[in-house]
Amino acid sequence: MTVRTRFAPSPTGYMHIGGMRTALFAWLWARHNNGQFILRIDDTDEQRNIGEALGPILNAFRWLGLDWDEGPEVGGPHGPYFQSQRRVFYDEALAKLLTSGHAYRDFESPEDTQTQREAAEKEKRVYVSSRVSLELSAAESERQAADGKPFVVRLLIPRSQKLVINDHIRGRVEFDCGLMPDPVIARNDGSPLYNFATVVDDAALEITHVIRAEEHLSNTPIQVLLHRALGNKTPEWAHIPYVAAPGTKEKMSKRKIDKYRTNPQFQKLFELGDQVLSRIGIDANSNELSPVMVAYYREVGFLPAGVLNALVRLGWSLDDQTEILSLADMMRKFTLERVIRSPAGLDPDKMLSFQSHWMHALSPREKLDGCLPFLKKARLIDDENDHATQAKVASIIDLAADRLRVFGDIFQLDEFFVADDQLKMDDKNFQKRVVKPETAIGLLTELRGRLADVFNFATEPLHDLLQSFTTEKKIKAGDIFPALRLCVTGKAQGPDLFRSLELLGKDCVLRRLDRAIGLADSMRASG
RNA sequence: GGCCCCAUCGUCUAGUUAGGUCUAGGACAUCGGAUUUUCAUUCCGGUAACAGGGGUUCAAAUCCCCUUGGGGUCACCA
């Protein structure tokens, strides 16, 4: 038997990070078994622009490298893969259920049903369907339908049954059918509802394993009943716990994004995002893009490998040691058996740690190719194909070394890209290390003179020069190094000072020193 | 509220199916120390958990029951 799994998103315009984890598990299980992974679009209820709403979802899959064997854009032998185009199959199945008596026309008005529901709730009774329409003879039911009396089609729940599901992750779960109302499977216009369409399609697409989020567990008995009524082979089930928001056990939700902003565990991610997104013209506060969405991580400069590694470790582990897994590793080693039963909260810290690992594993060329588009988007470089530009950026990436965790981190070294008058100054530290110390300006002025005389403006000679300068002046490195760094980079900390000076170049260093000394002078004069 | 699910360090988890080798292991975070004339990295070390109560057993994180807590779901949404 070929394993066939599916992910069935409804086109919402974005890909949820938790949904992505579920999709990853389904994909992994298919690939692990040399099976097929199918993408089906559950758009029975959506009237919107499908292209626009589906694009971000497909992009997320493509970005992470999760391919699909059948589905949108690639087609396949079981198409179409949009539920909105599969009406004929639902009609057929519906007719079958109606004639076999597994389903019935319900002429009761929605208001009546609602009233009964409320009454049951008030009396603390379990609500089950009234089934008054079932008292109609077949001919009568037919006649009323023909007369145009509105009805919905409900599945007739066998109330005496106890239904057992053997879930790959939950184990044995039992439901009492006597407690279930008859679910509507088709509206008055014949359009199918989720539970019904899913069952028809899972069967038609020959899905062997339904791997989905655990919130669907309560839908499963209905779907099993439907499969049986239709004479289908019931697929195997695996209900995966949902992904919780950091530091909580609550399902992560797009709607709660404002709440997450004040969540201390989430802080680091938001800060990183705000910092990067503001540079590339995305309003980080608009919530158009948030850490709930896969696209967020791409825009901030995460690697697919980093995101994938973080996701797979959410609710799954190989053993008591292994943390780092490539997609190929996961594919080889993933089993449903080792999926954990309880929900896991996304951990931004750990995610960033995985990301750092995969970033450090990249070759210089790969890092360069990753950073270039970011610099271009931020207008920090003009032509990302220019050789001189590339060489410069490559040197800066090399200098940044481990500081580069996500591609967006390259913006932290913006001093190498901005014009002198655009350089932002860390005012507090500038005061402390340049303006305030009695001798600082004098020392810097003298140092400026020495630097101007340096012929070979390179790391080694510069290092030697600074070294002898401190010896000669009988000062500590701490008296001059930070001050010099502040003047030429605007920052109190950063990568190796001498390499930074070399990369900036003599002219730039001298210009920025002049500017900073002038600034310090005026600040001191004004008190 | 009904039904269903879940419960090990702050977090992600190993260990639960086949009870003993678990004075509970790893990772992230955190705290110390070393390296680095800054920052980051790297390396060493530390703090830190079986929700509670009853059973069963020679022996329980592991099996059973109860309690508590958390969560999901109860649509003519998916």
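Just the heavy atoms: all of them, side chains too, but no hydrogens, waters or symmetry mates, feed the values below. Naming: A, B, ... by sequence-line order, numbering from 1 per chain.
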Who is the Watson-Crick or G-U wobble partner of [N], with both distances under 3.5 Å?
N     : value
B:U30 : B:G46
B:C74 : B:G1
B:C22 : none
B:A7  : B:U68

Say we look at [N] and [M]: how far apart would their [atom1] atoms be, to the nearest angstrom?
N     : M     : atom1 : value
B:U42 : B:A59 : P     : 48 Å
B:A48 : B:U36 : C1'   : 29 Å
B:G26 : B:C9  : P     : 16 Å
B:G25 : B:U67 : P     : 33 Å
B:G10 : B:U35 : P     : 33 Å
B:U56 : B:U16 : P     : 25 Å
B:U47 : B:U68 : C1'   : 28 Å
B:A49 : B:A7  : C1'   : 12 Å

Using a 4.0 Å heavy-atom cut-off, does [X] contact any base of the nucleic acid, only the sugar-phosphate backbone, or nothing at all?
X        : answer
A:Lys476 : nothing
A:Pro482 : nothing
A:Asp176 : nothing
A:Gln114 : nothing
A:Phe354 : nothing
A:Glu337 : nothing
A:Glu323 : base
A:Gly247 : nothing
A:Leu352 : nothing

Among [options], which nucleotide sits nearest the side chain of [X]?
X        : options             : value
A:Gln265 : B:C76, B:G72, B:G10 : B:G10
A:Arg341 : B:G70, B:C5, B:C6   : B:C6
A:Arg187 : B:C6, B:C12, B:A78  : B:A78
A:Gln321 : B:G25, B:C6, B:C76  : B:G25
A:Phe175 : B:G25, B:C3, B:G71  : B:C3
A:Arg338 : B:G70, B:G15, B:A78 : B:G15
A:Val173 : B:C76, B:A7, B:C5   : B:C5

Using the closest heavy atom to pick a nucleotide of RNA chain B for each, name whichever of A:Glu250 or A:Glu174 lands nearer the 5' end.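 Closer to the 5' end of RNA chain B: A:Glu174.
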Contacts of A:Tyr242 and A:Ala186 projected onto RNA chain B by closest heavy atom; the upstream (5') one is A:Tyr242
Would you check if the distance from the ring center of A:Phe334 to the ring center of A:Phe25 is below 6.0 Å?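 Yes: the rings meet the under 6.0 Å criterion.
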Indicate yes or no for a side-chain donor-acceptor contact from A:Arg512 to the backbone of A:Val488 under 3.5 Å, with no hydrogens or angles considered.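 Yes.
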Strictly distance-based, threshold 3.5 Å: is any side-chain N or O of A:Tyr90 a donor or acceptor partner for the main-chain N or O of A:Leu193? no
When the distance from [atom1] of [X] to [atom2] of [N] is rounded to whole Å, what number comes out?
X        : N     : atom1 : atom2 : value
A:Arg21  : B:C12 : CZ    : P     : 12 Å
A:Glu108 : B:A75 : CD    : P     : 14 Å
A:Leu314 : B:C6  : CG    : C1'   : 16 Å
A:Asp320 : B:C50 : CG    : P     : 20 Å
A:Phe196 : B:A78 : CZ    : P     : 13 Å
A:Glu111 : B:A75 : CD    : C1'   : 14 Å
A:Lys256 : B:G72 : NZ    : C1'   : 11 Å
A:Ile222 : B:A78 : CD1   : C1'   : 13 Å

May I ask you to evaluate whether [X] reaches the phosphate of [N], defined as a side-chain N or O under 4.0 Å from OP1 or OP2?
X        : N     : answer
A:Lys249 : B:C12 : yes
A:Ser218 : B:G72 : no
A:Thr44  : B:A78 : yes
A:Arg117 : B:A75 : yes

Given protein heavy atoms under 4.0 Å, the one-letter contact record of nucleotides 28-47 of chain B, with B base, S sugar-phosphate only and - none, is simply SS-------BBBSS------
A:Tyr81 and A:Ile38: side-chain contact (heavy atoms from CB on, under 4.5 Å), yes or no, with the steps? CA-CA 9 Å; A:Tyr81 294 89; A:Ile38 293 115; 4.0 Å; yes
If you compare all heavy atoms of A:Thr5 against all heavy atoms of A:Ala26, which two are closest, and at what distance to 0.1 Å?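 Scanning both residues completely, I find the closest heavy atoms to be OG1-O, 2.8 Å.
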Show the numbers, then the answer: is there a side-chain contact (heavy atoms from CB on, under 4.5 Å) between A:Leu362 and A:Leu303? CA-CA 10 Å; A:Leu362 248 41; A:Leu303 258 8; 3.9 Å; yes
[X] and [Y]: side-chain donor and acceptor closer than 3.5 Å?
X        : Y        : value
A:Ser141 : A:Arg105 : yes
A:Glu337 : A:His168 : no
A:Gln83  : A:Asp201 : yes
A:Tyr194 : A:Asn219 : no

Between A:His239 and A:Trp237, what is the ring plane arrangement, given parallel below 30°, perpendicular above 60°, and tilted in between?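 Answer is parallel, since the angle falls under 30°.
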In this structure, are over 12 heavy atoms from other groups packed under 6.0 Å from A:Glu121 atom CD?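 Not more than 12 within 6.0 Å, no.
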Residues of residues 118-131 of chain A with a heavy atom under 4.0 Å from any atom of RNA chain B, listed by number, are A:Val126
Before giving the answer on side-chain contact (heavy atoms from CB on, under 4.5 Å), spell out for A:Thr198 and A:Arg6 the whole-Å C-alpha distance, their side-chain angles and the decisive distance to 0.1 Å. CA-CA 11 Å; A:Thr198 293; A:Arg6 48 74 164 176; 3.5 Å; yes
Return the set of residues passing ring-ring contact (aromatic ring centres under 6.0 Å, His included) with A:Phe175 (not counting sequence neighbours), or none when no residue passes. none
